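Here the structure is laid out as structure tokens; the discussion comes afterwards.
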Amino acid sequence: RSLTALLAGGAGTGILAVYTVHLISRHTRLPEDAAIGAVLSVFFGVGVLLLSIIQSLGTGAEGGLHHFIYGQTAAMSINDAKLTALLALFSAAAALLLLKEFRLLCFDPVFALVQGWPVALLDLLMMALVVLVTVTGLQSVGIILVIALLIIPPAAARFWGEKLSFLLLLSAFIGGLSGYLGAGISALLPRMPAGAIIVLVSSGVFLLSFLFAPRRGLVAALIRRLSIRLRVTSEHILRRLYEECERRGSDVHPHIPRSVIDPRRPRLSDSLILWLLRRRGLLSSSSALDSLEFTQAGLAEAARLVRNHRLWEEYVHRFGELAVSHVDYSADFVEHAISPEIVAELECLIGTRGEVAQSIHKITTAAPAG
């Protein structure tokens, strides 16, 4: 049971497995994922068979080999720790030196091939580094859990940024922090395997990133989705109230019954949206609960929404060759995302600049300010 010999053998068979996957994917019809699955199963089966044979030899030097399946950090000697640290430093240095080439290979291998880069050699080098990192973690977390340490830290870092250099540093920090905290917790708590605790700590970091990352986290995504839904619904309500003003004509009364809002909508959500509209100053806060009244700012905002809606309806009807009865559904979605530049272009394109402006001016001047 020599760690140096075991790591050398693991690295050799790992490189052989990578080369076998490469040959199968290049010279057969099997895709790369099928080749990886086949080679992994065969090599793992051969490894378990050899492990069973070696454990039954009875020489006394084979003890503890099964710990490489699940890891046993407490059994590491000072020489094992030094060898692991040396291999880790070599892997980090190689990854940094070849970062430009690996980046090109991962994101656009066809472009790299056209530019004359040795894509096959770079692919083998990258997979060889993966193998080296894998066998380096055998003693600490085991062959099964080391796969988690290869995947979880970069997956957690992906929630926090976009730039590859930042993700590289952050994933390395998450992996190192997980190892430090996991080993410390395992030392403080009895009968807690360090490998499993390290992976659980990194999984906890991933969970926190998944939930609370400011841009890609689940909570932030839910807040953005709720904000968009509230904005879209409030704009639909403003447009509905404005259309009711149009229906009443130029001598419109400032108070609009709340019943003009779609009665099929949940009353509680409508009450919340109406409260938000009053807080934004688009509806008068002095009106009664069963009636609604525009402020001057609210009337201008509703007129803008109606104009965007009708411009898009006219554009789809004229140039999309759709029936009038089919254009309203499309406009309900597009009206919330039309920029002023697109509005001006639509007005010039369909020749309705004056018509739309006149219809809006007619309502805004007729309705009293809230």
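The model shown is predicted, which means the values in this text are computed figures rather than measured ones.
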If you look at every heavy atom in [X] and [Y], which pair is closest and at what distance?
{"X": "Pro109", "Y": "Val119", "result": "O-CG2, 3.8 Å"}
{"X": "Ile338", "Y": "Asn308", "result": "CD1-O, 3.9 Å"}
{"X": "Cys106", "Y": "Met126", "result": "SG-SD, 3.8 Å"}
{"X": "Gly298", "Y": "Thr295", "result": "N-OG1, 3.1 Å"}
{"X": "Leu132", "Y": "Phe90", "result": "CD2-CD2, 3.5 Å"}
{"X": "Leu125", "Y": "Phe102", "result": "C-CZ, 4.3 Å"}

Transitive ILVMFWY side-chain link [X] to [Y], under 4.5 Å:
{"X": "Phe210", "Y": "Leu222", "result": "yes"}
{"X": "Leu208", "Y": "Leu211", "result": "yes"}
{"X": "Leu16", "Y": "Val130", "result": "no"}
{"X": "Tyr19", "Y": "Val39", "result": "no"}
{"X": "Leu218", "Y": "Val205", "result": "yes"}

Interatomic distance, [X] atom [atom1] to [Y] atom [atom2] [nearest 0.5 angstrom]:
{"X": "Glu293", "Y": "Arg278", "atom1": "CD", "atom2": "CZ", "value": "10.0 Å"}
{"X": "Ser165", "Y": "Leu96", "atom1": "OG", "atom2": "CG", "value": "11.0 Å"}
{"X": "Leu113", "Y": "Leu105", "atom1": "CG", "atom2": "CG", "value": "10.5 Å"}
{"X": "Leu189", "Y": "Ile197", "atom1": "CG", "atom2": "CD1", "value": "7.0 Å"}
{"X": "Leu129", "Y": "Ile15", "atom1": "CG", "atom2": "CD1", "value": "9.5 Å"}
{"X": "Arg229", "Y": "Arg224", "atom1": "CZ", "atom2": "CZ", "value": "14.5 Å"}

Using a 4.5 Å cut-off on heavy atoms from C-beta on, say whether the side chain of [Y] contacts that of [X].
{"X": "Ile185", "Y": "Met192", "value": "no"}
{"X": "Phe173", "Y": "Pro153", "value": "no"}
{"X": "Ile174", "Y": "Leu170", "value": "yes"}
{"X": "Leu241", "Y": "Leu283", "value": "yes"}
{"X": "Ile152", "Y": "Ser203", "value": "yes"}
{"X": "Leu305", "Y": "His309", "value": "no"}
{"X": "Glu162", "Y": "Arg215", "value": "yes"}
{"X": "Tyr180", "Y": "Val201", "value": "no"}

With the threshold set at 4.0 Å, does a side-chain nitrogen-carboxylate oxygen contact exist between [X] and [Y]?
{"X": "Glu313", "Y": "Arg310", "answer": "no"}
{"X": "Arg240", "Y": "Glu244", "answer": "yes"}
{"X": "Arg239", "Y": "Glu246", "answer": "no"}
{"X": "Glu235", "Y": "Arg231", "answer": "yes"}

Main-chain N/O of [Y] paired with [X] side-chain donor or acceptor, under 3.5 Å:
{"X": "Ser25", "Y": "Pro31", "answer": "no"}
{"X": "Ser202", "Y": "Val199", "answer": "yes"}
{"X": "Arg158", "Y": "Gly161", "answer": "yes"}
{"X": "Ser91", "Y": "Val133", "answer": "no"}
{"X": "Ser186", "Y": "Gly182", "answer": "no"}

Under the side chain to side chain contact (heavy atoms under 4.5 Å, CB included) rule, what do Leu168 and Leu164 come out as? Steps first, then yes or no, please. CA-CA 6 Å; Leu168 183 67; Leu164 184 61; 5.5 Å; no

Any chance the rings of Phe159 and Phe206 have centres within less than 6.0 Å? yes

Under the 4.5 Å side-chain heavy-atom rule for ILVMFWY, direct or indirect, which residues accompany Ile228? Val232

